[in-house]
Amino acid sequence: ATLTVRQILRKLDISNRVFYNRFKNIDEVLLCVSQNLVHKMRQCMLRPYNEKENYHKYLVSVATDVLIKTYEIKKDFSDYMFNNDIVNESNKIWWIDHMIPAIEYGVKKGFLKPMDVRAMAYAIWCFCRGFNVDAIKSRLELKQALKTFKIIKTFLTFKANGRTKT
């Protein structure tokens with residue numbers, strides 16, 4: 001399902017003139033949407049961890065914040081966003097580089113087991129991206145997608161001093 005200028009004109013109830021005063025073509029619109037979504041996602045990751053908060057809840061909240069802030073627009077542009085991420089590695093690299101300190105902190109504090117943090121950051125990127133694409137393609141409503149996504153917390157449980165912590 002390729003997005004067309006005509007679809008945008010109808011959806012926004014604007015004229016050709018208004019559209020072409022701002023954009024040269026549909027690719028510029030998609031690039032603008034993509035850049036906006038990347039910015040929103042990155043803002044979530046830039047929220048610093050407060051040592052008073054539960055580390056695992058912090059990690060889940062960052063991921064769910066991304067889902068919340070980008071889900072609805074991704075429903076309309078999912079094919080483009082998925083294909084753009086494959087071609088343009090900069091967003092993946094940015095996320096991995098910004099997840100590594102959070103994972104290293106978790107390992108250092110004993111919240112996480114020692115691991116290859118770059119590989120874990122990549123695995124998290126793949127999981128979150130795959131979940132997002134599948135939820136959108138399955139036409140889950142945001143509320144159901146969030147409920148399902150928050151199950152990830154079960155992956156973040158660990159044993160310390162003989163007790164399970166979350």
Side-chain angles (χ1 to χ4, degrees), residues 3 8 11-12 14 19 22-109 111-112 115-157 166:
L3 183 67
I8 292 172
K11 177 94 172 173
L12 299 177
I14 60 173
F19 178 88
R22 175 65 176 93
F23 302 103
K24 291 180 185 172
N25 55 41
I26 196 71
D27 291 333
E28 279 192 5
V29 172
L30 295 173
L31 180 61
C32 184
V33 168
S34 175
Q35 290 170 341
N36 186 5
L37 284 172
V38 166
H39 175 74
K40 286 180 180 183
M41 288 186 286
R42 289 179 178 182
Q43 292 296 52
C44 297
M45 187 65 206
L46 294 175
R47 180 174 72 84
Y49 171 67
N50 176 345
E51 291 199 21
K52 293 178 183 174
E53 100 185 277
N54 179 291
Y55 177 74
H56 298 102
K57 287 181 182 176
Y58 164 76
L59 295 178
V60 172
S61 74
V62 168
T64 55
D65 286 350
V66 170
L67 195 63
I68 291 167
K69 291 184 179 193
T70 63
Y71 198 77
E72 293 303 318
I73 192 77
K74 280 185 174 181
K75 283 182 4 186
D76 294 328
F77 295 96
S78 63
D79 288 335
Y80 175 79
M81 292 302 299
F82 182 74
N83 291 330
N84 188 53
D85 271 351
I86 290 170
V87 174
N88 182 355
E89 293 251 322
S90 67
N91 192 39
K92 176 179 80 174
I93 292 166
W94 188 96
W95 273 91
I96 290 170
D97 288 348
H98 283 76
M99 281 189 276
I100 286 172
I103 297 166
E104 287 173 336
Y105 177 85
V107 170
K108 179 181 173 186
K109 293 292 188 174
F111 297 133
L112 301 171
M115 67 182 77
D116 178 340
V117 294
R118 181 163 288 283
M120 177 55 80
Y122 176 69
I124 293 168
W125 163 262
C126 291
F127 173 80
C128 291
R129 186 168 173 264
F131 178 89
N132 203 318
V133 169
D134 191 72
I136 288 168
K137 293 288 186 181
S138 299
R139 292 188 164 84
L140 289 181
E141 292 299 319
L142 176 59
K143 186 176 178 178
Q144 182 61 40
L146 281 170
K147 180 180 176 186
T148 306
F149 186 79
K150 286 182 180 180
I151 292 172
I152 192 174
K153 186 176 179 187
T154 60
F155 287 120
L156 296 175
T157 60
T166 58

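Here the structure is a predicted model, which is why all the values come from computation and not from measurement.
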- Item | For Val66, side chain to side chain contact (heavy atoms under 4.5 Å, CB included) partners two or more places apart | Met41, Cys44, Thr70, Trp95
- Nearest atoms (heavy-atom pairs only) where Met45 meets Ala102: CE-CB, 4.4 Å
- Message: Distance check, rounded to the nearest 0.5 Å: Leu146 atom CG versus Leu142 atom CG?
- Response: 4.5 Å
- Message: Minimum heavy-atom separation for Leu140 and Ala145, please, with both atom names.
- Response: CD1-CA, 4.1 Å
- Task: Could you tell me which non-hydrogen atom of Cys128 sits nearest to which non-hydrogen atom of Phe149, and how far apart they are?
- Result: SG-CZ, 3.9 Å
- Query: How many angstroms lie between CE in Met115 and CE in Met120, if you round to the nearest 0.5 Å?
  - Reply: 4.5 Å
- Calculate, to the nearest 0.5 Å, the distance between atoms CD1 and CG belonging to Ile136 and Leu67 respectively. 7.5 Å
- Query: Charged N to carboxylate O under 4.0 angstrom, Lys92 versus Asp97?
  - Reply: no
- Task: May I ask you to test the Trp125-Asn91 pair for a side-chain heavy-atom distance under 4.5 Å?
- Result: yes
- Determine whether Val29 and Arg22 make a side-chain contact, defined as any pair of heavy atoms from C-beta on separated by less than 4.5 Å. no
- What is the distance from atom CG of Leu59 to atom OG of Ser61, rounded to the nearest 0.5 Å? 7.5 Å
- Message: Within the 4.5 Å heavy-atom criterion, are Arg42 and His39 side-chain neighbours or not?
- Response: no
- Item | side chain to side chain contact (heavy atoms under 4.5 Å, CB included) involving Ile14 - partner list, sequence neighbours excluded | Leu9, Leu12, Val18, Phe19
- Task: Would you mind reporting whether Val117 and Leu112 have side-chain heavy atoms less than 4.5 Å apart?
- Result: no
- Query: Rounded to the nearest 0.5 Å, how far apart are CD1 of Ile100 and CZ of Arg118?
  - Reply: 3.5 Å
- Partner set under side chain to side chain contact (heavy atoms under 4.5 Å, CB included) for Glu51, not counting sequence neighbours: Tyr49, Tyr105, Lys109
- Message: Restricting to non-hydrogen atoms, name the atom on Phe23 and the atom on Cys32 that form the minimum distance, rounded to 0.1 Å.
- Response: CE2-CB, 4.2 Å
- Message: Taking Lys24's backbone N and O only, do any of them form a donor-acceptor pair with Glu28's side chain (distance below 3.5 Å, no angle check)?
- Response: yes
